[in-house]
Amino acid sequence: MASKPRYYVSTAISYPNGPPHIGHAYELIATDAIARFMRLDGYDVFFLTGTDEHGQKIQQTAAREGISARDLVARNVPRFQAMAKRLDCSNDDFIRTTEPRHHRSSQAIWERMARNGDIYLGKYAGWYSVRDEAYYAQSETKVGPNGVRQGPTGTPVEWVEEESYFFRLSAYQQKLLDLYASDPQYILPKERHNEVTSFVRGGLQDLSISRTTFDWGVPVPGDPRHVMYVWVDALTNYITAVGFPDDDSATFRRYWPADLHVIGKDILRFHAVYWQAFLMSAGIEVPRRVFSHGFLFNRGEKMSKSVGNVIDPFALADAYGVDPLRFFFLREVPFGQDGNYSHEAIVNRINADLANDLGNLAQRSLSMIARQFAGVLPPAGALSEADRAILAAADAMLDAAREAMRTQQLHAVLNTIWAVVAQANRYFAGEAPWALAKTDPARQGTVLNTTCEILRQVAILAQPFIPSSAARLLDLLGVSAEERYFTWLGAGRRVAAGRALPPPAPIFPRYVDAETTPVR
RNA sequence: GGCGGGGUAGCUCAGUUGGUUAGAGCAGCGGAAUCAUAAUCCGGAGGUCGGGGGUUCAAAUCCCUCCCCCGCUACCA
């Protein structure tokens, strides 16, 4: 046990200038499935999520609402924490960048980068829109008909120069390229790897990493007029949580470097370029992989307040159930690509795969055992070719699932499992145990035993995705808590005949439309 | 503008070292069964493989060209 390999996986930290939305939920669910999978597969997992609470937008939102930034995050962050609980996520920590441990950590990494000669004081210059409170690149501005230069929103911009600390990102181009070249799967999916590589190959400019125009952030060591900016503080959360700056601590030595950062494709550059450069500069190992997932669209439309299709994850969980929701996202959308959701798609998927294919198979076999075998799991007699074939398919699942999980192909894991579920339904129909009840009860017992064995393996492997439903199914199959790890999968273990099973009950109810639906 | 990815059944997609009647899931249609959450099983149907041209005995697959979509990135005097 002491030699358990470790696995450190994180989500991005969410920006709590509003309530959590479906994008936050998706990333958390997917990462949770990965964390649970690795735990069940024998890893000592550290799963981190949290909130990125600094920055100008938080400060502005708070000002608009007439409260302090601190009060704004104090109000919003609990909503994110509640969402993690509601979605049955198993994060081991929830980091907030406003915590003292994180300020200490951010200042420490800054000092290390400075000591390495990579931070210098310069001037940040650009076109600034007072009205938008934002800088725009030259290319985003144009000279209007009245001769006044204006930004993309049409507001006037003026040339402003502000003192700023810079990070010598330009010095890290080759080191980054070497890193990407050293592992073609450093950034997944592969398209993203190529994008990042070509971006870095195109040359890197030094990065402005401090601001003086607002103060809601981590103060720059030795120059409190500045606060850290552009992700220095946010990215550092990943090492804070495992004990940085105490890099001799047991947790840091145990868990860093992280095995996997799961992020959205919109923040890939920060996580695959800047973060590694910061760490290299500070003399800290870089994370081992960055996986960039896609976005979810409501019927192909981006979620936005103006379109009015912002979906509340809590409402979704209430409407469909947590496990069906988790299942839908991870089964329907190839992980790494964009995906679509709609009420019809969700209902179709959960009814077909969960209620009909898996739930109904469990119900029909278990109720037969309850009625005709007094609730005692019958033993398997001599196995037929059909029995052997379906058992072999089930036994092969673990290897295929691990292979898919090596590159975070969550949908492929589910595909593997549900292919066996489909085969099990064909097997069950082909063997027709209800007919065997009259002609050959022993053979009927064998078929039911075999079916339960398939269900057992399916349920064990489905736990990362639908944890509480899988647990209920395993309860119904008489599988004890300690028998639910992946070491119990495969031909070496079989469902325990002779065990008295609890009375069966449906696990996945069919979704039937009510008057109101949370998603169009 | 540059680089990259893609356009295959109603929907989502698989299928490229070129080779027999182009596949899957879902939807739809027909049938069987009735143990089960009206669930399950079986079967037919459904495609000019973006358009055009070329190479080849043979092209969704290779070459040329055109159209369209998406991502990253640059530039706009």
Side-chain angles (χ1 to χ4, degrees), chain A residues 137-143 149 152 187 189-205 264-269 272-273 292-297 299-300 302 321 324 328 331-342 344-373 386 409 411-412 414-419 421-439 441 443-445 447-448 451-452 455 469 472-473 476 504-512:
Chain A
Q138 173 90 20
S139 59
E140 292 177 291
T141 66
K142 60 179 180 205
V143 178
R149 186 169 283 273
I187 300 159
K190 200 162 152 249
E191 315 83 90
R192 302 296 169 200
H193 188 100
N194 297 337
E195 276 177 19
V196 170
T197 302
S198 88
F199 169 74
V200 173
R201 203 180 288 125
L204 296 172
Q205 305 215 314
K265 62 182 186 180
D266 53 330
I267 53 176
L268 177 58
R269 193 189 297 175
V273 181
S292 152
H293 69 250
F295 294 151
L296 297 180
F297 299 104
R299 295 179 183 276
K302 191 173 177 181
F328 172 80
R331 165 85 155 136
E332 186 89 358
V333 183
F335 197 52
Q337 296 181 211
D338 292 343
N340 277 293
Y341 63 91
S342 65
E344 293 76 43
I346 295 171
V347 169
N348 190 46
R349 194 92 241 182
I350 66 184
N351 279 353
D353 286 357
L354 295 180
N356 297 352
D357 285 353
L358 179 54
N360 184 51
L361 178 63
Q363 183 65 13
R364 65 202 302 209
S365 52
L366 289 171
S367 65
M368 211 175 285
I369 291 171
R371 204 169 333 100
Q372 292 168 22
F373 292 84
Q409 298 300 285
H411 59 289
L414 286 170
N415 206 36
T416 294
I417 301 172
W418 257 261
V421 172
Q423 192 177 336
N425 271 306
R426 287 192 288 275
Y427 165 82
F428 200 83
E431 299 308 307
W434 57 91
L436 290 169
K438 295 154 203 154
T439 58
R443 175 62 197 159
Q444 182 195 20
V447 171
L448 291 173
T451 303
C452 286
L455 290 171
S469 318
R472 265 184 293 144
L473 179 50
L476 294 180
I507 301 155
F508 303 103
R510 283 180 63 77
Y511 183 93
V512 182

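Note on naming: letters A, B, ... go to the chains in the order of the sequence lines (proteins, then strands), and numbering restarts at 1 for each one.
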What distance, rounded to whole Å, do you find between the two [atom1] atoms, one in [N] and one in [M]?
N: rG53(B); M: rG43(B); atom1: P; value: 39 Å
N: rG31(B); M: rG71(B); atom1: C1'; value: 47 Å
N: rC26(B); M: rG51(B); atom1: P; value: 28 Å

### Task
Check the distance between rC13(B)'s P and Gln409(A)'s CD and give it to me in whole angstrom.
15 Å
## Note on the structure
To the nearest angstrom, the CG-P distance between Asn351(A) and rA36(B) comes to 20 Å
### Task
Please determine if a side-chain N or O atom of Asn194(A) lies less than 4.0 Å away from the OP1 or OP2 oxygen of rC3(B).
no
### Query
When you check the phosphate oxygens OP1 and OP2 of rC35(B), does a side-chain N or O of Arg371(A) lie under 4.0 Å from one of them?
no
Taking the side chain as everything from C-beta on, heavy atoms only, tell me whether [X] gets closer than 4.5 Å to [Y].
X: Leu366(A); Y: Cys452(A); result: yes
X: Asn194(A); Y: Ile187(A); result: no
X: Phe328(A); Y: Val347(A); result: no

### Summary
Between Arg426(A) and Phe199(A), whichever has its closest RNA chain B nucleotide further toward 5' is Arg426(A)
### Ser365(A) or Asn356(A), whichever maps to the more 5' nucleotide of RNA chain B
Ser365(A)
### Message
Apply side-chain contact (heavy atoms from CB on, under 4.5 Å) to residues Val333(A) and Tyr341(A) and explain how you reach the verdict.
### Response
CA-CA 9 Å; Val333(A) 183; Tyr341(A) 63 91; over 6 Å; no
### Task
Please state whether the base of rA36(B) and the side chain of Asn360(A) form at least one donor-acceptor pair under 3.5 Å?
yes
### Query
With both distances under 3.5 angstrom, what nucleotide forms a Watson-Crick or G-U wobble pair with rG46(B)?
none
